[in-house]
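What follows is a single structure, written as structure tokens, with notes after it.
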There are 2 protein chains.
Amino acid sequence: MTDQKTNTGADFSRTDPAALEDRIRSAALRPTRQRLALAELLFSNGNRHLTAEKLHSEVLHSGVKISLATIYNNLHQFTAAGLLREVVVDSSKSYFDTNVTPHHHFFHEDEGRLQDIESSELTVLGIPNLPAGTAISSIDVIVRLSKQSS
Amino acid sequence: MTDQKTNTGADFSRTDPAALEDRIRSAALRPTRQRLALAELLFSNGNRHLTAEKLHSEVLHSGVKISLATIYNNLHQFTAAGLLREVVVDSSKSYFDTNVTPHHHFFHEDEGRLQDIESSELTVLGIPNLPAGTAISSIDVIVRLSKQSS
DNA sequence: TTCCTTTTTAGAAACATTCTAATCTATTGA
DNA sequence: TCAATAGATTAGAATGTTTCTAAAAAGGAA
Ligand SMILES: [Mn+2]
Ligand SMILES: [Mn+2]
Ligand SMILES: [Zn+2]
Ligand SMILES: [Zn+2]
């Protein structure tokens, strides 16, 4: 299991504004006020797993007014640029993950919370031959956790 | 990988009406016209992976008129009774699986289609120690497949 | 600045799913 | 056989998440 602050590349835990701006520019996106506020929440606090609504409420609480449409636009643009990945664990809402390296998850069902399991720890053995004409896009392991029955 | 008709218990591929009725009764549910029509589609055609909408359109095409609310009611009742399990692979809709034994999946992303991988074939090694106070509810492995890049 | 493109936005729309509350049906046992 | 009752079905409204629309605002190149 990884530490909450571990990241593959540089440590963005205390990223200065200029670095965030570079990160956005390198994705061929303009560093708008809204995008900078989102990038700060997403990329300056270690690895995170967030829904659109959670990110929206965080950014509003931080004092920046952003519409929900902009949250979705940017989550998708960041995902397309490889700065985020989408994790499917719930059939009603999407989670976005700031850890874009291959890894797996614990999912705390009662809290709706994801927790990383590093690829170096967990191994999947015995994947059958792939159906003809297909290639692996990703391998997702979700270990669903419930509260221990007393 | 399992054959499409393989099932853990009896073979329900050509289940007679009386057996379907028993199956429903043993779940403490009444064998209504609607429930029997759904059970026939679900449990007399090998292992299946269906969305509510797909099941609805199949049952309508078979000539039985059932409301979508009833489809959902019954999918959830069958799931609660252990006759179905829900598989989360898409953040916008739910899939219901007639194979309730522990197993994993290929997911054909382009077609939105699930395919079983038997537990006897695929192994997950190295699950970290569980967070305190939690227990494993299930382990879901999804191997996402895209069309092979030519 | 000017011009062009990207971005943001409010609100409408779409979509899957659940809820409501009325009607209908299966079961039971008098 | 037939009430009585609990369970099941239904249409349509409501919900929650996500996407779309179209107009206004802002960024960036020159
Ligand atoms: Mn999406
Ligand atoms: Mn459900
Ligand atoms: Zn993660
Ligand atoms: Zn399956």
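So that the names make sense, note that chain A is the first sequence line, chain B the second, and so on, each numbered from 1. Scope of the values below: all heavy atoms of this structure, side chains included, with no hydrogens, waters or symmetry mates.
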For this session: Any chance you could measure B:Ser94, atom OG, to B:Leu50, atom CG, to the nearest 0.5 Å?
Result: 12.5 Å
Exercise. With sequence neighbours excluded, what pairs up with B:His56 under the ring pair (Phe, Tyr, Trp, His ring centres under 6.0 Å) test?
Worked result: none
Problem set entry | side-chain hydrogen bond (donor to acceptor under 3.5 Å, both in side chains) against B:Ser146, all qualifying residues, sequence neighbours excluded | none
For this session: Not counting sequence neighbours, which residues clear side-chain hydrogen bond (donor to acceptor under 3.5 Å, both in side chains) with A:Arg25? List them please.
Result: A:Glu21
Seminar exercise, completed: B:Thr70 has its side chain closest, among C:dA16, D:dT10, C:dT9, to D:dT10
Exercise. Using a cut-off of 4.0 Å on non-hydrogen atoms, how would the nucleic acid contact of A:Ile66 be classed: base, sugar-phosphate, or nothing?
Worked result: sugar-phosphate
Contacts under 3.5 Å, N or O only, protein and nucleotides 26-30 of chain D:
| residue | atom | partner | partner atom | Å |
| --- | --- | --- | --- | --- |
| D:dG27 | N3 | A:Arg30 | NH1 | 3.4 |
| D:dG28 | OP1 | A:Arg25 | NH2 | 2.7 |

Problem set entry | ring pair (Phe, Tyr, Trp, His ring centres under 6.0 Å) partners for B:His103, two or more places apart | B:His105
Exercise. Among residues 50-65 of chain A, which contact DNA chain D at a heavy-atom distance under 4.0 Å?
Worked result: none
For this session: May I ask you to list the residues sharing a hydrophobic cluster with A:Val88, side-chain cutoff 4.5 Å, ordered by chain and number?
Result: B:Val88
For this session: Can you sort out the partners of B:Phe107 under ring pair (Phe, Tyr, Trp, His ring centres under 6.0 Å), two or more places apart, ordered by chain and number?
Result: none
Exercise. Of the nucleotides D:dA11, C:dT17, D:dA8, which one has an atom closest to the side chain of B:Gln77?
Worked result: D:dA8
Exercise. Mind checking what makes ring pair (Phe, Tyr, Trp, His ring centres under 6.0 Å) contact with B:Tyr95, not counting sequence neighbours?
Worked result: none
